[in-house]
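When a ligand or atom number is given, it counts from 1 through the structure's own listing order.
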Amino acid sequence: MEQAYVPIWLDCSGRTVIVIGGGPVAERKVSGLLNSGANITIISPTMTERLLQLAQQGEVSWIQRPYRQGDLRGAFLVYTATNQADINQQVVKEAKETGVLVNSADEPRTGDFITPSVLRRGRLAIAVSASGSSPGAVAQIKKQLEQDYGDEYSMYFDFLHHIRQLILLRIQDPVRRRHLLQKVLELDILAEIRNGHYELWSDERINKWIADNQEG
Ligand SMILES: C[C@@]1(CC(=O)O)c2cc3[nH]c(cc4nc(cc5[nH]c(cc(n2)[C@H]1CCC(=O)O)[C@@](C)(CC(=O)O)[C@@H]5CCC(=O)O)C(CC(=O)O)=C4CCC(=O)O)c(CCC(=O)O)c3CC(=O)O
Ligand SMILES: NC(=O)C1=CN([C@@H]2O[C@H](COP(=O)(O)OP(=O)(O)OC[C@H]3O[C@@H](n4cnc5c(N)ncnc54)[C@H](O)[C@@H]3O)[C@@H](O)[C@H]2O)C=CC1
């Protein structure tokens with residue numbers, strides 16, 4: 001039986017995330033962490049060009065040396081992606097002892113979590129995983145999804161977020177709330193965004209829409 005992994009969306013803002021190793025695999029893990037608000041620290045003697053750039057821009061901190069026991073202190077999450085199997089094992093061991101969740105790039109089953117392929121369109125994030133069975137196929141599926149879910153979804157979810165906030169603020173009755181939130185999804189805002197006819201709804205327009213759609 002394959003492992004039934006539990007998908008969760010982690011809030012890493014203000015948390016320390018440590019990445020051991022600085023090769024292309026570490027770079028991919030770091031890419032998924034950017035814009036999360038996490039404090040990202042990379043511990044590795046070498047780094048890729050892109051990681052160096054990120055360090056220069058202050059997006060990540062770099063401790064330029066090999067991993068040492070004790071490095072995981074204070075971490076919320078850890079990724080180990082060195083090309084040394086024994087080092088990755090040591091990192092996993094320290095993480096388990098410290099109680100920090102760990103991802104191992106070369107022996108995923110020894111770690112606590114694996115990294116899905118993620119398609120982002122603003123607030124919308126679609127994560128694809130095959131429980132480790134084929135990372136290549138997972139990347140292919142994400143590529144297919146990129147065709148179906150274009151940049152318009154970013155604006156669409158900004159709209160949905162905004163109108164939902166106002167509905168939650170104005171309408172206390174759960175039945176009326178549910179009715180309105182359902183009605184919002186019947187608006188063809190996506191088509192408007194696609195054909196260039198969408199104009200940002202003001203709070204006044206949203207409030208009027210709420211008033212007009214309260215019944216039936
Ligand atoms: C289990 C997992 C653990 C983890 O890393 O968390 C894992 C493990 C391993 N990957 C390996 C190889 C490759 N991985 C990729 C690509 C990605 N790998 C990613 C995730 C995961 N990879 C986790 C499970 C995903 C899931 O199902 O949920 C992605 C989705 C996300 C990311 O890395 O950020 C990212 C695509 C991102 C994107 O494009 O969207 C490619 C393709 C490429 O490089 O283009 C190859 C080469 C082709 C091939 O081998 O298939 C190897 C063998 C290493 C060796 O040969 O030694 C192992 C080790 C093993 O399987 O034991
Ligand atoms: N999970 C995944 O998606 C994939 C995992 N892999 C695995 O990930 C490993 C790393 O892959 P790449 O990034 O391509 O390797 P790489 O060889 O390009 O980079 C390895 C990095 O680890 C650093 N490193 C080496 N010893 C270290 C130590 N003691 N402490 C800290 N950092 C150390 C190196 O300086 C280098 O930056 C591979 O050996 C393979 O086992 C490979 C492909 C995909």
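- More than 12 non-hydrogen atoms from other residues, nucleotides or ligands lie less than 6.0 angstrom from CD of Q172.
- Of the protein's heavy atoms, K29 NZ, 2.7 Å lies nearest to atom 33 (O) of ligand 1.
- Between N83 and ligand 2, at least one N/O pair is under 3.5 Å apart.
- Taking a cut-off of under 4.0 Å to the non-hydrogen atoms of R28, the atoms of ligand 2 that pass are 2 (C), 3 (O), 44 (C).
- Geometrically, R121 does not engage Y153 in a cation-pi contact defined by less than 6.0 Å to the ring centre and at most 45° from the axis.
- The closest approach between a heavy atom of E27 and any atom of ligand 2 is not below 4.0 Å.
- Among all protein heavy atoms, the one lying closest to atom 40 (C) of ligand 2 is D106 CB, 4.1 Å.
- The presence of a protein heavy atom under 4.0 Å from atom 6 (O) of ligand 1 is confirmed.
- Considering all non-hydrogen atoms of both residues, I114 and G132 come closest at CD1-N, 3.8 Å.
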Intermediate values then yes/no, salt bridge (Lys or Arg N to Asp or Glu O under 4.0 Å), E27 and R50: CA-CA 8 Å; E27 180 185 310; R50 169 93 181 111; 5.1 Å; no
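- Closest heavy-atom approach to atom 40 (O) of ligand 1 within the set A130, S129, S117: this belongs to S117.
- Remark: E49 CD is loosely packed, at most 12 non-hydrogen atoms of other residues, nucleotides or ligands lying under 6.0 Å away.
- In this structure, K93 places its NZ atom where only 12 or fewer heavy-atom neighbours from other residues, nucleotides or ligands lie under 6.0 Å away.
- Below 3.5 Å of separation, one finds no N or O of S133 facing any N or O of ligand 1.
- Of all protein heavy atoms, the one closest to atom 62 (O) of ligand 1 is P108 CD, 3.4 Å.
- For the residue pair V25 and A105, the shortest heavy atom distance occurs at CG1-CB, 3.8 Å.
- Nearest protein heavy-atom contact of atom 24 (C) of ligand 1 is G132 CA, 3.7 Å.
- In this structure, a donor-acceptor pair under 3.5 Å is present between the side chains of E107 and Q89.
- Proximity of atom 18 (N) of ligand 1 to the protein is indicated by at least one non-hydrogen atom lying closer than 4.0 angstrom.
- For R65 (side chain) and P45 (main-chain N/O), no donor-acceptor pair under 3.5 Å exists by modelled atom type.
- Within the 3.5 Å criterion, the main-chain N or O of I171 finds no donor-acceptor partner in the side chain of R176.
- Nearest protein neighbour of atom 14 (O) of ligand 2, counting heavy atoms only, is P24 CD, 3.6 Å.
- With a 4.0 Å cut-off on non-hydrogen atoms, S31 does not touch ligand 1 at all.
- Taking every heavy atom of Q84 and a limit of under 4.0 angstrom, the matching atoms of ligand 2 come to 26 (N).
- For the residue pair H179 and N213, no side-chain donor N or O sits within less than 3.5 Å of a side-chain acceptor on the partner.
- Formation of a donor-acceptor pair under 3.5 Å by the S44 side chain with backbone atoms of M47 is not found in this model.
- Near I43, the atoms of ligand 2 lying under 4.0 angstrom from a non-hydrogen atom of the residue are 31 (C), 32 (N).
- Between the side chains of N207 and R170, at least one donor N or O sits under 3.5 Å from an acceptor N or O.
- For atom 31 (C) of ligand 1, the nearest protein heavy atom is under 4.0 Å away.
- The protein atom (non-hydrogen) at minimum distance from atom 19 (O) of ligand 2 is G23 CA, 3.5 Å.
- With atom 34 (C) of ligand 2 as the reference point, the heavy atom nearest to it among I63, N103, I42, T46 is part of T46.
- Less than 4.0 angstrom separates atom 48 (C) of ligand 1 from none of the non-hydrogen atoms of the protein.
- Where the criterion is an N or O separation shorter than 3.5 Å, residue side chain and backbone included, I87 fails it with respect to ligand 2.
- Within the 4.5 Å cutoff, no side-chain heavy atoms of D112 are placed close to those of N103.
- If you check which protein heavy atom lies closest to atom 5 (C) of ligand 2, you get A105 O, 3.3 Å.
- Taking only nitrogen or oxygen atoms, main chain and side chain alike, A26 does not reach within less than 3.5 Å of ligand 2.
- For the pair V25 and ligand 2, the shortest N or O to N or O distance falls below 3.5 Å.
- In terms of protein heavy-atom proximity, atom 58 (C) of ligand 1 is nearest to A105 O, 3.9 Å.
- Of the candidates K142, Q3, R28, E107, the one placing a heavy atom closest to atom 35 (C) of ligand 1 is R28.
- The number of heavy atoms from other shown groups lying within 6.0 Å of CZ (R178) does not exceed 12.
- Scanning all protein heavy atoms for the shortest distance to atom 10 (N) of ligand 1 gives P135 CG, 3.4 Å.
- Of all heavy-atom pairs spanning S129 and P116, the tightest one is CB-CB, 4.2 Å.
- N88 and S104 share no side-chain donor-acceptor pair at under 3.5 Å.
- T41 has its side chain out of reach of W62: every pair of non-hydrogen atoms, C-beta onward, lies at least 4.5 Å apart.
- Under a 4.0 Å criterion applied to the non-hydrogen atoms of S44, ligand 2 contributes the atoms 23 (C), 31 (C), 32 (N), 34 (C), 35 (O), 37 (O).
- With distances taken over non-hydrogen atoms, the option nearest atom 51 (O) of ligand 1 out of P116, A137, G136, S104 is G136.
- Put simply, no part of S134 is less than 4.0 Å from ligand 1, judged by heavy atoms.
- Distances from atom 20 (C) of ligand 1 to the heavy atoms of T115, L119, I114 put T115 nearest.
- Within the 4.0 Å cut-off (strictly below), a protein heavy atom is located near atom 1 (C) of ligand 1.
- The shortest contact between atom 22 (O) of ligand 2 and any protein heavy atom is with T82 CA, 3.5 Å.
- With D71 contributing its side chain and Y67 its backbone, the two residues share no donor-acceptor pair below 3.5 Å.
- The local environment of CZ in R120 is sparse, with at most 12 non-hydrogen atoms from other residues, nucleotides or ligands closer than 6.0 Å.
- For the pair A81 and ligand 2, a heavy-atom separation below 4.0 Å is found.
- For atom 54 (C) of ligand 1, no protein non-hydrogen atom is found at a distance below 4.0 Å.
- Using a 4.0 angstrom heavy-atom cutoff, G32 does not count as in contact with ligand 1.
- Side chain of Q3 to backbone of S131: no donor-acceptor contact under 3.5 angstrom is found.
- At the top of the distance list for atom 30 (N) of ligand 2, counting protein heavy atoms only, stands Y67 N, 2.9 Å.
- The pair D212-K208 meets the salt-bridge criterion, with a side-chain N (NZ, NE, NH1 or NH2) lying under 4.0 Å from an Asp/Glu carboxylate O.
- Scanning the protein for heavy atoms near atom 39 (O) of ligand 1, the closest one is A139 CB, 3.5 Å.
- Remark: ligand 1 atoms within the under-4.0 Å shell around heavy atoms of N103 are 4 (C), 6 (O).
- Of the protein's heavy atoms, at least one falls inside 4.0 Å of atom 15 (C) of ligand 1.
- Proximity to I20 (heavy-atom distance under 4.0 Å) selects the following atoms of ligand 2: 31 (C).
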